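Note sheet for the following structure.
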Amino acid sequence: MPLWLFAFFAIIAVVSALGVILQRHPVHCLLALALALLDIGALFIGLGAEALGFLQIIIYVGAIMVLFLFVIWLLNLQREGLATERIGLKVIGTLAAAALGAELCALLVHAGPAPAAPLPVDYGSLRSLARLLFANYLVAFEVTSALLLAAMVGAIGLARRIPGTNAVAAPPSDVADRLRSAAG
Amino acid sequence: MAIELVIGAVKALVVLLLVLNVTGSMLWFERKGAALIQDRIGANRAAIFGVGRRMGLPNLGLINTLIADPIKLFTKEDFVPAGADRVLHSLAPFLALFPVLVTFAVVPIGDVLRIGSRTITLQAANLPAAALYVLAVLGVGVYGVALGGWASNNRWALLGGIRASAQMISYEMAMGLAILAVVVTYGTVDLQTICRMQGGVWFGWLPRWGIVLQPVSFILLLVAGIAESKRVPFDLPEGESELVAGYFTEYSGGKQAVFMMTDFAEVVLVSVLITLFFFGGWQVPWLYADGFHFPGPHGAFLALPNYAVAILQIIAFWVKTLFFCLLQILVRWTLPRLRYDQLMGLGWKGLLPLGLLNLVVTAFVVVAVGGR
């Protein structure tokens, strides 16, 4: 990846990331976030991690951000008014941001020069990524999948309508029973 | 270096122009095909000074659909409703069209063309992870319709946008699983390699096309593809009896034309993908790099130069693509619209389990046969 191309994508990434926090309308923030994720996918591809970059675009931009869009629409979130946040949140947020910034600066200062050796032939291909996921880290990968599946089953169990009625909300003691019946 | 750039630019331009022309002619096929199916005559009014009629030619409606309608659309008032998000309203049609058009960059329309000592791959962008690229770009296409519906500040448009994005996300799963099964079968995500592996014959005569290996995937990709392009029987996002025109209710003039063009470009894209994965792409039956090897006991052979082979391959690719475009037009004017619950039921309870099952069976067979 030539330097000018990297700089181009890097500038877009920074500008769109700023757009996420500086804009007032949730839909505009979400679009900026989608652009940032798309751009980081492009950076991955340019730096040789081709499969990872495309997967990032498929999953984050193509699916997760669209679900966020749904949530914003269904909750009917509107333009956020000025000065509604509490002061405590602002203080904590500033401190956290400062800590993260300091950490990034420290990393940049201590980072060595880029390795001069050329990348291996198979680097970043779908084949090498699949080998990592399904051979080297198989157990961790499968446990993560099971965890996500459990979360999904739980969400469906919570949101399922009671048969015969139109009610969604259930008393908390009932939820565990229904989850158990949904799982078994 | 400079000549490489020129070749790349020419390839990209040729592919784009081919796609745009096929997309444009789809408009004519759609109108005249609909008329044929419904026993009407169809567009036959506009003419340039009656030249054709004086020469005794029948009016085929070409001037109507290819000249008069586009001029009319692009000279109409470009209306933006009050309270709309002006920037996103203008951006949305192009967000819808752009991903569809750039997908064609990785589509191989032929094998190789040799000019002098130079070998040119007939593919605009030679990407090793092309199948992943197709899936990624198709996923981004959701934003155009979703934002078009939202930015219009209209309830019907918003409902259409929500329906469109829900439908596209649901059927992308089936589409991805269909493509994955093909990728597992051929062991590569490179579209050019997938096409090359479909060359040759079985039993001395049957072309090694993907449809023989993956018939279930073909049906999945065809159904999910029609749903992705949001046309009848899956046109709930723009169902006119419920939502006026769905996500493009508040669009007029050129921007509406861009949305329409996106629909047709998606039809062409689905046909191109079906051709690539299941019908040999640019492969012509019994045509090899050196010419035709006809099947039969005596095995007739017809030697052809490289440029003739390349031209035949490009023609074959677009003939196959056009066939599937016409098939989709036939489907569009034959089937009635589904109900919304039927649409979601088909996607999540029909196509998704079928795709998963097909993928698992494919994986088992590939491991059992190939021992990878």
Side-chain angles (χ1 to χ4, degrees), chain A residues 19 23-35 37-42 44-46 48-79 121-131 134-135 152 156, chain B residues 83 85 87-89 91-92 95 98-99 102 106 125 127-147 149-151 153 155 157-173 175-176 179-180 183-184 187-190 228 348 363 372:
Chain A
Q23 290 182 101
R24 289 270 159 204
H25 200 292
V27 171
H28 294 166
C29 299
L30 183 129
L31 285 180
L33 184 57
L35 179 62
L37 291 170
L38 187 72
D39 188 76
I40 288 168
F44 271 138
I45 295 162
E50 216 171 46
L52 195 62
F54 283 125
L55 289 179
Q56 148 118 356
I57 295 174
I58 293 174
I59 293 167
Y60 281 95
V61 184
I64 294 183
M65 283 302 115
V66 181
L67 290 182
F68 277 26
L69 203 60
F70 265 81
V71 173
I72 289 175
W73 282 340
L74 293 179
L75 297 181
N76 197 17
L77 296 179
Q78 296 297 326
R79 185 178 293 270
V121 181
D122 213 19
Y123 182 81
S125 73
L126 194 62
R127 201 174 287 274
S128 61
L129 188 70
R131 196 165 287 129
F134 293 106
M152 203 161 74
I156 293 171
Chain B
D85 191 319
V87 176
L88 286 184
H89 187 270
L91 193 64
L95 274 182
F98 178 75
V102 292
V106 296
L127 208 64
L132 284 178
Y133 170 85
V134 169
L135 285 174
V137 174
L138 280 179
V140 176
V142 181
Y143 285 94
V145 287
L147 291 173
W150 178 76
N153 190 30
R155 282 162 204 191
L158 180 59
L159 282 175
I162 291 179
R163 278 191 183 182
S165 35
Q167 176 176 335
M168 285 171 89
I169 288 210
S170 306
Y171 280 81
E172 239 159 53
M173 309 277 294
M175 204 167 184
I179 293 178
L180 270 187
V183 166
V184 169
T188 176
V189 281
D190 185 358
E228 280 282 302
W348 290 101
R372 261 187 283 155

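What you see is a predicted model, and the numbers here were worked out from it, not measured in a lab. Atom set for the values below is all heavy atoms of this structure, side chains included, hydrogens, waters and symmetry mates excluded. Letters go in sequence order (proteins before strands), and every chain restarts at 1.
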Is any side-chain heavy atom of B:Val137 closer than 4.5 Å to a side-chain heavy atom of A:Phe54? no

With a 4.5 angstrom heavy-atom cut-off, is it the side chain or the backbone of B:Ala151 that approaches chain A, or both, or neither? neither

Indicate whether any N or O donor in one side chain lies under 3.5 Å from an N or O acceptor in the other, for B:Asp85 and A:His28. yes

What's the separation between atom CD1 in B:Ile162 and atom CZ in A:Phe70, rounded to the nearest 0.5 Å? 6.0 Å

Could you tell me which portion of A:Leu38 (side chain, backbone, both or neither) has an atom closer than 4.5 angstrom to a non-hydrogen atom of chain B? side chain

Between B:Ser165 and A:Val66, the two heavy atoms sitting closest are CB-CG1, 4.1 Å

How close do B:Ala136 and A:Ile57 get, heavy atom to heavy atom, and via which atoms? CB-CG2, 3.8 Å

Any donor-acceptor pair under 3.5 Å linking the side chain of A:Arg127 with the backbone of B:Thr188? no

Under 3.5 Å: donor-acceptor pair, side chain of B:Tyr143, backbone of A:Val61: yes

Shortest non-hydrogen contact from A:Glu50 toward B:Ala129: OE1-CB, 3.7 Å

Hey, what do you get for CG (A:Leu69) to CH2 (B:Trp150), rounding to the nearest 0.5 Å? 8.5 Å

Can you tell me how far CG of A:Leu126 sits from CG of B:Asp190, rounded to the nearest 0.5 angstrom? 12.0 Å

For the residue pair B:Leu132 and A:Leu55, what are the closest heavy atoms and their distance? CD2-CD2, 4.2 Å

Side chain, backbone, both or neither: which part of B:Leu138 has a non-hydrogen atom closer than 4.5 Å to chain A? neither

Does some side-chain heavy atom of B:Leu88 sit less than 4.5 Å from a side-chain heavy atom of A:Leu31? yes

